[in-house]
Amino acid sequence: MASEDTSLGLDSIFPEPERPPTPEPTFSTYTRLEPSAEPRDIRIRLVGNHPLWAHHLWNASRSFASLLDATRLCQGQTVLELGAGGALPSIIAALSGALKVVVTDYPDTPLIDNICYNIAENVPRSVQDRIRAEGYIWGQNTQPLLELLPPGSAGFDIIILSDLIFNHSQHDALLDTCERSISSHPSACILVFYTHHRPHLAHRDMEFFEKARSRGWSTDEIVRETFPPMFPEDPGDESVRSTVHGWKLTKS
């Protein structure tokens, strides 16, 4: 079993320096831009201190949500989110007409329970059968995820990666999972949104796209949006730390 493999523990998968402990669970609200959107306000509960950074509603998630709401990109599509945290993009995907949304994060009970809470609180009962939360470790067997797809679907049409590529040691695992679970349809894509939270390591973040291109993926930047920086006290160029970039990856 994966849980018995010490190489898959949190310290091994996410060897990034920890920030100081944060408060107990909090709430953050995302207001959808379309006045007629229902529900208009999405209230996301965030877990307390956690090494996977799920205690923040990241700017990339807000940018993702805006794109999915504005474009209805997920309407009629099957969607997989990796490392979902509070799961805002997945919730918007479900609300905007996705056929099926599978929301995943590390199989840690507080994380998955929190995603289930956010789904229950923000997604109408009539839609809840189209969205499912599951624990998943990047790079592992994707068959359990594929089995959640509607009959006749062989892979996900859209895969969401929101602020994950700062985990430099996991680039290959992320790409492995994407390649094993994405549909073979020419329109299938991976959407990758991120901020260079550590400007001095921006080149390491971009190695994700270099690896993707080496595997035959086309990479195109489709969004660039400015927000207040997540951590104003952090070092580095504030204009870099304030910018969310969104990329679309498709198979050549």
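Side chains included, hydrogens not; waters and symmetry mates left out as well; all remaining heavy atoms used.
- Counting heavy atoms from C-beta outward, Leu82 and Trp138 have side chains that approach closer than 4.5 Å.
- A distance of 11.5 Å separates NZ of Lys248 from CH2 of Trp217, quoted to the nearest 0.5 Å.
- The side-chain heavy atoms of Ile42 and Leu95, taken from C-beta on, include a pair separated by under 4.5 Å.
- In this structure, Val127 is a member of the same hydrophobic cluster as Ile115, with clusters built from ILVMFWY side-chain heavy atoms closer than 4.5 Å.
- Closest non-hydrogen pair, Tyr106 versus Leu111, comes out as O-CD1, 3.9 Å.
- Judged purely by atom type and a 3.5 angstrom limit, Arg241 has no side-chain atom pairing as donor or acceptor with the backbone of Pro228.
- A search for side-chain hydrogen bond (donor to acceptor under 3.5 Å, both in side chains) contacts involving Arg224 returns Glu221, not counting sequence neighbours.
- When all heavy atoms of Gly139 and Arg180 are compared, the closest pair comes out as O-NH1, 2.6 Å.
- Phe64 and Val223 fall within the same hydrophobic cluster, defined by Ile, Leu, Val, Met, Phe, Trp and Tyr side-chain heavy atoms under 4.5 Å apart, directly or through other members.
- Closest approach of Thr195 and Asp205 over heavy atoms only: O-OD2, 4.4 Å.
- With hydrogens and angles left out, the side-chain atoms of Ser242 and Thr226 include no donor and acceptor closer than 3.5 Å.
- Ser153 places no side-chain N or O within 3.5 Å of a backbone atom of Gly155 that could act as its donor or acceptor partner.
- Proximity of Leu164 to Gln170: side-chain heavy atoms (C-beta onward) are nowhere separated by under 4.5 Å.
- Applying the ring pair (Phe, Tyr, Trp, His ring centres under 6.0 Å) rule to Tyr30 yields no partners; only residues at least two apart in sequence or on another chain are considered.
- Of the charged side-chain nitrogens involved, none lies within less than 4.0 Å of a carboxylate oxygen, so that Arg45 and Glu121 do not count as a salt-bridged pair.
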| field | Full working for ring-ring contact (aromatic ring centres under 6.0 Å, His included) between His196 and Tyr194 | value | CA-CA 7 Å; His196 295 302; Tyr194 64 92; 5.1 Å; yes

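- In this structure, the side chain of Asp237 engages the main chain of Ser239 through a donor-acceptor pair within 3.5 Å.
- Rounding to the nearest 0.5 Å gives a distance of 5.5 Å between OG1 of Thr104 and CG of Leu80.
- Note that CD of Glu134 is 4.0 Å distant from CZ of Arg132, once rounded to the nearest 0.5 Å.
- Within the 4.5 Å cutoff, no side-chain heavy atoms of Asp69 are placed close to those of Leu33.
- Distance check: Asn114 CG to Thr109 OG1 gives 12.0 Å after rounding to the nearest 0.5 Å.
- Between the side chain of Arg32 and the backbone N or O of Pro39, at least one donor-acceptor pair lies under 3.5 Å.
- Under 3.5 Å, the side chains of Asp163 and His197 contain a donor-acceptor pair of N or O atoms.
- In terms of hydrophobic clustering, with Ile, Leu, Val, Met, Phe, Trp and Tyr side chains grouped at heavy-atom distances under 4.5 Å, Phe27 and Trp58 are assigned to different clusters.
- At least one side-chain heavy atom of Val192 sits less than 4.5 Å from a side-chain heavy atom of Ile165.
- Of the possible polar contacts, none joining the Asp157 side chain to the Gln77 backbone as a donor-acceptor pair under 3.5 Å is found.
- Judged purely by distance below 3.5 Å, without hydrogens or angles, the side chains of Ser183 and His185 never pair a donor atom with an acceptor atom.
- Within the 4.5 Å cutoff, the side chain of Asp105 has heavy atoms near those of the Ile112 side chain.
- At a threshold of 4.0 Å, the pair Asp172-Lys211 counts as salt-bridged, since one of the basic side-chain nitrogens sits closer than that to a carboxylate oxygen.
- A donor and an acceptor atom, one from each side chain of Thr177 and Tyr136, are located under 3.5 Å apart.
- Counting heavy atoms from C-beta outward, Ile131 and Glu81 have side chains that stay 4.5 Å or more apart.
- The closest side-chain donor-acceptor pair between Arg43 and Thr29, if any, does not fall under 3.5 angstrom.
- Residues meeting the salt bridge (Lys or Arg N to Asp or Glu O under 4.0 Å) test with Arg204, sequence neighbours left out: Glu207.
- Between Leu174 and Phe208, some side-chain heavy-atom pair lies under the 4.5 Å cut-off.
- Checking Ser28 against Arg62 by side-chain atom types alone, a donor-acceptor pair falls below 3.5 Å.
- A donor-acceptor pair shorter than 3.5 Å cannot be found between the side chains of Ser96 and Gln75.
- The NZ atom of Lys100 sits 6.5 Å away from the CG atom of Leu148 when rounded to the nearest 0.5 Å.
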| Should Val102 and Thr78 be marked as a side-chain contact (heavy atoms from CB on, under 4.5 Å) after you check the CA-CA gap, both sets of side-chain angles, and the distance that decides it? | CA-CA 8 Å; Val102 177; Thr78 55; over 6 Å; no

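- In the hydrophobic cluster analysis, where Ile, Leu, Val, Met, Phe, Trp and Tyr join through side-chain heavy atoms closer than 4.5 angstrom, Ile92 is grouped together with Phe227.
- Cluster membership for Leu146 and Ile182, using ILVMFWY side-chain heavy atoms within less than 4.5 angstrom, is shared.
- Ile159 and Ser181 make their closest contact through CD1-OG, 3.6 Å (heavy atoms, listed as atom of the first residue, atom of the second, distance).
- Considering every non-hydrogen atom in both Pro232 and Met230, the closest pair reads CD-O, 3.5 Å.
- Atom NE2 of His56 is separated from atom CG of Leu46 by 9.0 Å, given to the nearest 0.5 angstrom.
- Of all non-hydrogen atoms in Ala188 and Thr250, the two that sit nearest each other are O-CG2, 3.8 Å.
- Listed for the Ser61 side chain is no donor-acceptor partner under 3.5 Å among the backbone atoms of Leu57.
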